[in-house]
Amino acid sequence: MKKKFTLKNIGLALLVVFIVMQAFRIEKSNPNTDPANDFIIINQPSVEVVTILKGACYDCHSNNVTYPWYTNIAPFSWWIKDHVNDGRDELNFSEWKTYSLRRMDKKMKEAVEMVDEDEMPMYSYTIMHKNATLTKEQKALLLAFFSSLRTGESDKAKE
Ligand code: HEC
C-alpha cells in the first residue's frame with residue numbers, strides 16, 4: 001500500500017512526536033542551599049522590595065523556584081528550564097554570599113540596567129505572571145535598592 005502524506009497522517013505524526021516529547025521531563029528539584037547565603041537575608045531590603053524580588057526575580061535567579069502546571073508540558077518545560085538555568089548562571093540570589101565583592105557590584109550594576117530598561121523581569125515571564133509586571137513605584141524602589149548596594153568595586157581597573 002502506498003503511504004500518503006495526507007493532512008491526517010501529518011497530524012498523527014505530530015501528535016506522536018508531542019506525546020514522545022512528554023517523556024523528557026525537566027528537573028524541578030531546587031538545589032539545597034544555605035539560607036544564610038541569600039541576598040535578602042544578607043541585605044535586609046524593605047518588605048516591599050522583598051515582595052518584588054520574590055515575585056519577579058526569584059523564579060529564575062534563585063534556588064527557590066516554583067514551577068506552575070504548564071511547566072509540565074514539553075516543549076515549554078524545556079524552554080522555561082533553560083531560562084532558569086541561564087538566569088541562575090548569570091545571577092543566583094541564593095548564593096549571594098559566595099560572590100566576590102567585585103562580582104556583587106557588577107551584578108548590581110547590571111541589575112540596575114536590566115530593570116531600568118524593562119528587560120527584567122523577562123517579558124515572557126510577565127505574560128504568565130501578571131503580578132510580576134513592575135509598577136512605576138516598584139521599579140523605582142528596586143532601582144534605588146540595587147543602586148544603594150553598589151560599591152564601585154567592578155569599575156576599578158583590574159590590577
Ligand atoms: C523568566 C526568568 C527570569 C526572570 C523572572 C528574571 N530574569 Fe534576569 N535573567 C534571566 C536570563 C535567562 C538571563 C540571562 C540571559 C539574558 O541576559 O537575557 C538573565 C539575566 C539577568 C542579569 C544579567 C544581565 C547581564 O547584563 O548579563 C541580571 C542582572 C538580571 N537578569 C536581573 C534580574 C532581575 C533584577 C529580575 C527581577 C526584577 C530578573 N532578572 C527576572 C531570566 C530571568
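First listed ligand is number 1; within each ligand, the first listed atom is number 1. This structure is a prediction, so every number in the text was calculated from the model and none was measured.
In this structure, atom 19 (C) of ligand 1 lies nearest to the protein heavy atom M120 CE, 3.2 Å. Summary of contacts: the protein heavy atom closest to atom 42 (C) of ligand 1 is M122 SD, 3.3 Å. Looking only at protein heavy atoms, the nearest one to atom 34 (C) of ligand 1 is C57 SG, 3.5 Å. Of the protein's heavy atoms, A56 O, 3.3 Å lies nearest to atom 41 (C) of ligand 1. Among protein heavy atoms, the minimum distance from atom 28 (C) of ligand 1 is reached at M114 CG, 3.9 Å.
Hydrophobic clustering, with ILVMFWY side chains joined whenever heavy atoms are under 4.5 angstrom apart, keeps F18 apart from L12.
Distances between N or O atoms of E90 and those of ligand 1 include at least one value under 3.5 Å.
Atom 15 (C) of ligand 1 lies below 4.0 Å from none of the non-hydrogen atoms of the protein.
Salt-bridge formation is not detected for the pair E153/K106: no Lys NZ or Arg NE/NH1/NH2 atom is positioned less than 4.0 Å from an Asp or Glu carboxylate oxygen. A salt bridge links K109 and D155; the closest N-O separation between the charged side-chain nitrogens and carboxylate oxygens is under 4.0 Å.
Under 4.0 Å from ligand 1, heavy atoms of E110 appear from its side chain as well as its backbone. Heavy atoms of H61 found under 4.0 angstrom from ligand 1 belong exclusively to the side chain.
Numbered from 1 in the order shown, with element, the atoms of ligand 1 that lie under 4.0 Å from a heavy atom of C60 read 1 (C), 2 (C), 3 (C), 4 (C), 5 (C), 42 (C), 43 (C). Residue A111 approaches ligand 1 through these ligand atoms, each under 4.0 Å from one of its heavy atoms: 29 (C). Close approach of ligand 1 to Y125 (heavy-atom distance below 4.0 Å) involves ligand atoms 1 (C), 5 (C). Against a heavy-atom cut-off of under 4.0 Å, D86 is close to the following atoms of ligand 1: 12 (C). Those atoms of ligand 1 that come under 4.0 Å of a heavy atom in G87, given as number and element, are 10 (C), 11 (C), 12 (C). Distances below 4.0 Å separate heavy atoms of F146 from the following atoms of ligand 1: 35 (C).
In this structure, H129 and Y70 have perpendicular ring planes: the angle between them is above 60°, well past the 30° mark.
Within 6.0 Å of CZ in R25 there are 12 or fewer heavy atoms belonging to other residues, nucleotides or ligands. Counted within 6.0 Å of CG on N131, heavy atoms from surrounding residues, nucleotides or ligands total 12 or fewer; the atom is thus considered open.
The closest side-chain donor-acceptor pair between N30 and Y67, if any, does not fall under 3.5 angstrom. A side-chain donor from one of T66 and D59 sits under 3.5 Å from a side-chain acceptor of the other.
Remark: distances from the non-hydrogen atoms of Y58 to ligand 1 are all 4.0 Å or more.
Here W96 and Y99 bring their ring centres to under 6.0 angstrom of each other.
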- Just do the salt bridge (Lys or Arg N to Asp or Glu O under 4.0 Å) check on K97 and D34 with the steps written out, would you? CA-CA 10 Å; K97 203 176 175 186; D34 182 354; over 6 Å; no
